[in-house]
2 protein chains.
Amino acid sequence: MAPSVGIKDVARAAGVSVGTVSNVINRPETVATETRARVQSVIDRLGYVRSESARQLRAGRSRIMGLLVLDMGNPFFVDVARGAERAARAAGLGVMVCNSAQSPGEEAEYLSLFAEQRVRGVLLTPADATGRNIAAFRRHGIPFVLVDRVAEGTTECSVSVDDVAGGALAVRHLVDAGHRSLAYVSGPPGLNQVRDRRTGALDALAEAGLGPDALRELPTERLDVAAGRDAGARLLGLPDADRPTAVFCANDLLALGVLQAMYAAGVNVPDDLAIVGYDDIEFAAAAAVPLTSVRQPAVTMGALAAELLLEETGAQGAPTAHEHRRVVLQPELVVRGSSLPAR
Amino acid sequence: MAPSVGIKDVARAAGVSVGTVSNVINRPETVATETRARVQSVIDRLGYVRSESARQLRAGRSRIMGLLVLDMGNPFFVDVARGAERAARAAGLGVMVCNSAQSPGEEAEYLSLFAEQRVRGVLLTPADATGRNIAAFRRHGIPFVLVDRVAEGTTECSVSVDDVAGGALAVRHLVDAGHRSLAYVSGPPGLNQVRDRRTGALDALAEAGLGPDALRELPTERLDVAAGRDAGARLLGLPDADRPTAVFCANDLLALGVLQAMYAAGVNVPDDLAIVGYDDIEFAAAAAVPLTSVRQPAVTMGALAAELLLEETGAQGAPTAHEHRRVVLQPELVVRGSSLPAR
DNA sequence: TTCCGGTCCTGAATCGATTCATATCCGCAG
DNA sequence: CTGCGGATATGAATCGATTCAGGACCGGAA
């Protein structure tokens, strides 16, 4: 347990004032070469590390950015984090990644943790549909950017992907392949993404002259693999005549679950059932029947969100003029084996 | 931009001293009921949030624990993080998760970030085989616990899984199923885990009277799905007579890659090639040919490591007597479709 | 009345780095 | 010789919360 060495210890050992040591660290050009070298060598010898808390206390704000995601078990969010981290570090900031696990309670806790840390800003994928947490957080005056969700009004920035377009892409592809009876494994109703993707799906059906009856909706409790298996079982339980020939899943985890259920039951994918997922996580391509999926530019989203935040808080210190923006990215369909038209 | 309200503002507005406000927050029982209520209501009204940096500065250490992992894209580490976070939060600490991406350079950067933050302690899966980063970090006197790696000597705690036993489990299973010609997709040579698992594999072969020749080693650059696909392609390139009937992969990502390559080439798993992975990540069970895998108790490891750290730093403040420990957990074989004995 | 033991509250010192007004020194121009 | 600008270095004030020695007040006992 090294008795932590502070700037004063360095100053004393180098025979200079604390101000000079500080200058060596932060504005080396203002210090005479010789002095600088001497101080630097003392710093190295003593193993001095400056205290972020003291620094922050003086500066009034920290050099970390908070990132609060819905589910760290979902590779999609891992990619978002990767993108955000890259952008933040380019600006010399660290990222503190937290997982609300879709629970408004956890979300609230982490937001106040961020507030206590006087975090520079927050990237947030909201878990609380009521927006109460967000409203409470706004009071702190800490800027934030919504990720994977469109901001209402112009109160803050957001980066999202056009979910309606994504849903349409998926279903148009299936309809083009000849499918007329589809299912939508949707996840928890009430999530915006889930709703928008359905809207897009229905649009695509309408284009083809099909009504909403062509899309059987299968909601699930959660957005994970187990829920997908469950939905697969429900599909298998349908009488043959009634069973859809294609499924669109609100996310790849669900799709993988459905795929697994089909495999276990000996149903051929894609011949007996075509499957399209959403997100295009790495494991989608790696599944033994590679999954057709709607790709979201997750890394880009994270990076873009971080950059918007940096723009707002002023990367270098002085906040620049900033107008809140809502960036909407376009998804892209990646066709793989799970939906290739039956020969 | 709310002009940040401090404890002094609260004190003034409530007509008490700063000391009293601090007491209301930290030792409510020492404040008269009426005063406490008044102060509390002012706190709520002004939206006061205490500044962690000031708090830390005074306390000398922060309430955060650092966690530095090798690859956030690997669900195994996501589980470790989950476990660590649970344990840390039970003790009122936050966790700052960082990703060294197996780069010693990044590792060094994050370690000094942790040092600057005066983090309470660090959980570390080392990326730098030379141990230079660790040696440098030790100077700061910040306690740390090695995760997924055995500490040498008794300089610190570690939590790991018996990789030799794990390798033996996997290969014994394959030998029992009648396989006599195996391959080991090993990842980057030089990683301890990779070596230990091979040792175990050879042990199991020896038990069955087979020599090292029965295990063809296929090293790869990285430990991810793409590397696995690559190794799969190399396997497929072998002349039929020479081709192993079973593969053991150093991790599930590799195994999924191999599986995918086999699927693409029309090779039947497990009849033509049995596959066993390592880690038992969620996607292993979700693969269309569910993957036999050696399960590591990832969540437990994370939680245990965090608890060891808390014990060492003294959860409540006063560091308790602490003896460094090396905990070694046992892996467990989970048999699934990818290795079920051919009929 | 005086003194005592509580209860409740005050206010100054403290943590470590940054910042800035001020001091010192040197060389050179006037 | 004086004065001035530039280059360096100093050290006190500051950030916000915590802590603790001590003060104010009250009721009851002697």
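Owing to the predicted nature of the structure, the values given are computational and were not obtained by experimental measurement. Numbered from 1 within each chain, the chains take letters A, B, ... in sequence-line order.
A salt bridge is absent between B:Glu116 and A:Arg55: the closest approach of a Lys/Arg side-chain nitrogen to an acidic carboxylate oxygen does not fall below 4.0 angstrom.
Per the geometry, CD belonging to B:Gln117 stands 17 Å off C1' belonging to C:dC15, to the nearest Å. Summarising the geometry, the separation between CZ on B:Arg118 and P on C:dA17 is reported as 7 Å, rounded to the nearest angstrom. Protein atom CD of B:Glu116 is 11 Å distant from nucleotide atom P of C:dA17, rounded to whole Å. Counting to the nearest Å, the P atom of C:dC15 and the CZ atom of B:Arg55 are 18 Å from each other. The CZ atom of A:Arg61 sits 14 Å away from the P atom of D:dG16 (whole-angstrom rounding). The interatomic distance linking A:Asn23 (CG) with C:dA17 (C1') rounds to 12 Å, in whole Å. To the nearest angstrom, P of C:dG16 lies 13 Å from CD of B:Gln56. Spacing between atom CD1 of B:Ile7 and atom P of C:dC9 amounts to 14 Å, rounded to whole angstrom units.
Of the side-chain N and O atoms in B:Arg27, one or more sit less than 4.0 angstrom from OP1 or OP2 of D:dT19. Between A:Tyr48 and C:dA17 there is a side-chain polar atom (N or O) within less than 4.0 angstrom of OP1 or OP2. OP1 or OP2 of D:dT18 lies within a sub-4.0 Å distance of a side-chain N or O belonging to B:Asn26.
Residues of residues 28-36 of chain B having a heavy atom closer than 4.0 Å to DNA chain C, listed by number: B:Val31, B:Ala32, B:Thr35.
In this pair, A:Tyr110 and A:Phe114 present their aromatic rings tilted. The plane angle is within the 30 to 60° band.
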message: A:Leu67 vs A:Met96, test: side chain to side chain contact (heavy atoms under 4.5 Å, CB included). Steps then yes/no.
response: CA-CA 6 Å; A:Leu67 168 60; A:Met96 181 158 183; over 6 Å; no
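Mapping B:Ala54 and B:Gly15 onto DNA chain C via the closest heavy atom, the residue that lands nearer the 5' end is B:Gly15.
Taking only side-chain atoms of A:Leu57, from C-beta outward, the nucleotide of C:dT19, C:dG16, D:dT10 with the closest atom is C:dG16. Minimum atom distance to the side chain of A:Ser17 is reached by D:dG11, of the listed C:dT10, D:dG11, D:dT19.
Counting non-hydrogen atoms under 4.0 angstrom, B:Arg58 reaches a base of the nucleic acid. Among the heavy atoms of the strands, none lies under 4.0 Å from B:Gly60. Residue contacts shown for A:Ser51 are limited to sugar-phosphate atoms, with no base heavy atom under 4.0 Å away.
A:Asp9 places a side-chain N or O within donor-acceptor distance of the main-chain N or O of A:Gly6, the cut-off being under 3.5 Å. Distance alone, capped at 3.5 Å, places no donor-acceptor pair between the B:Thr35 side chain and the B:Val31 backbone. Counting only distance, with no hydrogens or angles, the side chain of A:Arg120 and the backbone of A:Ser62 share a donor-acceptor pair below 3.5 Å.
Within a 6.0 Å sphere centred on CZ of A:Arg89, other residues, nucleotides and ligands contribute more than 12 heavy atoms.
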